[in-house]
Amino acid sequence: QVQLVESGGGLVQAGGSLRLSCAASGSIFSINVMGWYRQAPGKQRELVAAFTSGGNTIYADSVKGRFTISRDNTKNTQYLQMDSLKPEDTAVYYCYAALKTWEHGLPRNYWGQGTQVTVSS
């Protein structure tokens with residue numbers, strides 16, 4: 001059984017910063033893809049930032065230059081550093097990972113519980 005646990009969300013003023021973390025636990029063999037999505041009220045869930053299977057990083061155009069994704073492979077933990085936050089960044093942020101367990105030979109998708117980020121003007 002795999003679980004992704006998120007933390008770090010909260011309320012911040014425009015121009016401020018937040019750092020989200022996501023720790024994966026369970027019978028993890030390898031993590032192939034990891035990243036962050038967000039969903040604002042009335043909008044579809046969108047990709048914010050991710051590590052691809054090739055080890056590259058990708059970012060949504062709206063957050064380039066402001067957000068930074070990182071990871072600690074020894075802890076199976078990923079982070080999202082969010083700087084220069086804007087009110088339009090307000091959303092529920094979801095941690096995502098595609099990973100293999102020791103019991104299953106193919107990667108599966110896992111999601112965190114979501115954490116609210118609210119940016120006030």
Side-chain angles (χ1 to χ4, degrees):
Q1 187 173 359
V2 174
Q3 186 176 19
L4 305 183
V5 179
E6 302 179 36
S7 63
L11 175 65
V12 66
Q13 292 183 334
S17 299
L18 285 172
R19 184 177 175 86
L20 306 182
S21 64
C22 173
S25 62
S27 300
I28 299 171
F29 173 73
S30 64
I31 299 177
N32 302 97
V33 179
M34 62 177 65
W36 297 88
Y37 288 72
R38 69 185 181 186
Q39 188 167 19
K43 300 183 67 176
Q44 295 293 319
R45 187 173 300 186
E46 64 175 346
L47 176 68
V48 178
F51 283 101
T52 70
S53 59
N56 299 316
T57 56
I58 56 175
Y59 294 92
D61 289 339
S62 59
V63 307
K64 286 181 179 177
R66 300 187 298 118
F67 290 11
T68 304
I69 188 172
S70 61
R71 63 186 178 186
D72 184 342
N73 291 331
T74 65
K75 300 179 180 179
N76 288 329
T77 300
Q78 61 177 302
Y79 307 90
L80 184 66
Q81 178 67 43
M82 304 184 293
D83 298 321
S84 301
L85 283 163
K86 304 175 181 179
E88 50 263 44
D89 295 318
T90 296
V92 177
Y93 284 71
Y94 295 92
C95 175
Y96 165 81
L99 57 84
K100 296 179 180 178
T101 66
W102 288 100
E103 293 79 15
H104 300 278
L106 295 175
R108 295 183 176 184
N109 298 323
Y110 294 91
W111 293 91
Q113 79 280 7
T115 184
Q116 177 70 47
V117 172
T118 302
V119 184
S120 64
S121 59

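- The backbone N or O of Cys95 sits less than 3.5 Å from a side-chain atom of Glu6, completing a donor-acceptor pair.
- For the pair Asp89 and Lys86, the salt-bridge criterion is not met [side-chain N within less than 4.0 Å of a carboxylate O].
- Residue Arg38 comes nearest to Ala91 through the heavy atom pair CB-CB, 3.9 Å, listed as atom of the first residue, atom of the second, then distance.
- In this structure, CG on Leu20 lies 9.0 Å from CD on Gln81, to the nearest 0.5 angstrom.
- The shortest heavy-atom contact between Ala98 and Asn109 is CB-OD1, 3.9 Å.
- Rounding to the nearest 0.5 angstrom, the gap separating the OG1 atom in Thr90 from the CD atom in Gln116 is 7.0 Å.
- The backbone N or O of Ile69 sits less than 3.5 Å from a side-chain atom of Tyr59, completing a donor-acceptor pair.
- In this structure, Tyr79 is not a member of the same hydrophobic cluster as Ile28, with clusters built from ILVMFWY side-chain heavy atoms closer than 4.5 Å.
- Crowding of Glu88 atom CD: a count of heavy atoms from other residues, nucleotides or ligands under 6.0 Å exceeding 12.
- Residues Val2 and Phe51 share a single hydrophobic cluster, defined by chaining ILVMFWY side chains whose heavy atoms lie under 4.5 Å apart.
- To the nearest 0.5 Å, atoms CD1 (Ile31) and CZ (Arg71) are separated by 8.5 Å.
- Between Ser70 and Arg19, the shortest heavy-atom distance links the atoms OG-NH2, 4.0 Å.
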Derivation and outcome, side chain to side chain contact (heavy atoms under 4.5 Å, CB included), residues Gln13 and Leu85: CA-CA 8 Å; Gln13 292 183 334; Leu85 283 163; over 6 Å; no

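- The neighbour count for Arg108 CZ, taken as heavy atoms of other residues, nucleotides or ligands under 6.0 Å away, does not exceed 12.
- Side chains of Ser21 and Ser7: a donor-acceptor N/O pair is present below 3.5 angstrom, by distance only.
- Here the closest heavy-atom approach between residue Cys22 and residue Leu4 is recorded as SG-CB, 3.9 Å.
- Using modelled atom types, no side-chain atom of Ser53 and backbone atom of Val33 make a donor-acceptor pair closer than 3.5 Å.
- Across all non-hydrogen atoms, the minimal contact from Gly114 to Val92 is CA-CG1, 3.9 Å.
- Between Tyr37 and the options Tyr93, Tyr94, Tyr96, a ring pair (Phe, Tyr, Trp, His ring centres under 6.0 Å) holds for only Tyr96.
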Check against side chain to side chain contact (heavy atoms under 4.5 Å, CB included), Arg45 and Trp111: CA-CA 12 Å; Arg45 187 173 300 186; Trp111 293 91; 3.4 Å; yes

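- Within a 6.0 Å sphere centred on CD of Gln44, heavy atoms belonging to other residues, nucleotides or ligands number 12 at most.
- In this structure, Pro107 and Asn32 approach most closely via the heavy-atom pair CB-OD1, 3.6 Å.
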